[in-house]
Amino acid sequence: MRVLGVETSCDETGLALYAGAEGGLLGHLLHSQVALHAPYGGVVPELASRDHLRRLLPLLDRLLDQCGLGRQDIDGVAYTAGPGLIGALLVGASVGRTLAWALGRPAVAVHHLEGHLLAPMLEPDPPAFPFLALLVSGGHSLLVRVRGVGRYEVLGSTLDDAAGEAFDKVAKLLGLGYPGGPAVAALAAKGDPDRFHFPRPMTDRPGLDFSFSGLKTFVLNTLRAEGGGAADARLRADVARAFQDAVVDTFAIKCRRALRQTGIRTLVVAGGVGANRALRSRLQDLVQEAGGRIHFPRPEFCTDNGAMIAYAGWQRLRAGERAPLAIQARARWPLDTLRPPAAG
Ligand code: KG4
Ligand code: ZN
């Protein structure tokens, strides 16, 4: 079964064809809107929707060309139905659902975060269930116990900013462009780890929730206290380093706690911030010390992409799950309301 994945929840138009464990990933393509939104310092929802609309069908033709296939070779369509920007979601959902109907094939509505959680399944040595997942993206910071496809228990989440959002806001304070995560990470690599020490929010009390908005204030206050700003390259790098170290340390403390509490030995790190090298190597050390196993999607499948949606959709379609003919799109959609794939 060749499943087309359609991802348009935010600022990436992603398409992929996944053909099951044997066929594997036949191809995937991404059109990033980063350049489109960069002048505004963040994603402009209306521009995002319009660009998805412009890009989607030409991208589909390119993908099929690359795979040497035609539209008739698509056996099912998986589209991201939420959570995300509602206008952007509606474009992918309309195109995905309509394409499936026109071809006489089944469709399935996929939860974006389920895509992120299952993305490491596309790698050569996939994790076995149950695993613990740290899902860190622009919109979410979650610790999730994953018992199987559709069996997700949220153990902790952010009370304010998501990790990626914090990276993006700190990037603005440091005079860096959008998106901020990779820019802050690059600057932090040049920073002095001993000059500033920022707090590790919510690590001194029990629980697995996060809070990152205070760190942003810490960055602002430090820049002010040092009398520096965008012009002082040394200061900016040292502040970026202190911020990143605090985020990485906080995630390490919470992941260790969650692994101990659950007795699970496998950690999956997913979502855009999961592309951060400092975070990856720190968590790798932690899990190795504990005698467990860690899995990451390749960096391009940490950020939004069509492959993870095709995979999650394939899991649901092969179990007989079918989306109704109505076009489904939900800006908000709690992860723990999902259920295992079910026929019907
Ligand atoms: O998963 P994703 O592509 O989109 C959402 O579903 O939100 O995550 C995007 C987020 C952005 O906030 C971006 O700044 C952050 O991931 N990000 C990073 C890195 N690469 C992307 N944050 C820290 N370090 C990185 N290397
Ligand atoms: Zn995402």
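Positions are given from 1 along the sequence. Nothing here was measured: the structure is a model prediction, and the numbers come from that model. Ligands are counted one by one from 1 in listed order, and the atoms in each one are counted from 1 as well.
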Problem set entry | Close approach, Q244 and ligand 1, non-hydrogen under 4.0 angstrom | no
Exercise. Does ligand 1 have a heavy atom under 4.0 Å from the side chain of H112, from its backbone, from both, or from neither?
Worked result: side chain
Exercise. Of all the heavy atoms in P182, does at least one lie under 4.0 Å from an atom in ligand 1?
Worked result: yes
Exercise. Hey, does G138 come in under 3.5 Å of ligand 1, counting only N/O atoms on both sides?
Worked result: yes
For this session: Classify the contact between H116 and ligand 1 as side chain, backbone, both or neither, using a heavy-atom distance cut-off of under 4.0 Å.
Result: side chain
Exercise. Does T80 use its side chain to pair, donor to acceptor, with the backbone of G82 at less than 3.5 Å?
Worked result: no
Problem set entry | CA sep, side-chain torsions, deciding dist, call: D51, R55, salt bridge (Lys or Arg N to Asp or Glu O under 4.0 Å) | CA-CA 6 Å; D51 201 55; R55 305 285 175 182; 3.3 Å; yes
Problem set entry | Apex the Zn ion (ligand 2) - arms NE2 from H112 and NE2 from H116 - angle rounded to 10° | 90°
Exercise. Counting backbone and side-chain atoms alike, does H140 have an N/O/S atom under 2.8 Å from the Zn ion (ligand 2)?
Worked result: no
Exercise. Atom 26 (N) of ligand 1: which protein heavy atom is closest, and how many Å away?
Worked result: N276 CA, 3.6 Å
Problem set entry | Contact check: F167 vs ligand 1, nitrogen or oxygen atoms, below 3.5 angstrom | no
Exercise. Would you say R277 contacts ligand 1, with heavy atoms under 4.0 Å as the rule?
Worked result: no
For this session: Give the single entry among G272, A278, G84, S32 that approaches atom 17 (N) of ligand 1 most closely by any heavy atom.
Result: G272
For this session: For G139, take its heavy atoms, then give the atoms of ligand 1 lying under 4.0 Å from any of them.
Result: 7 (O)
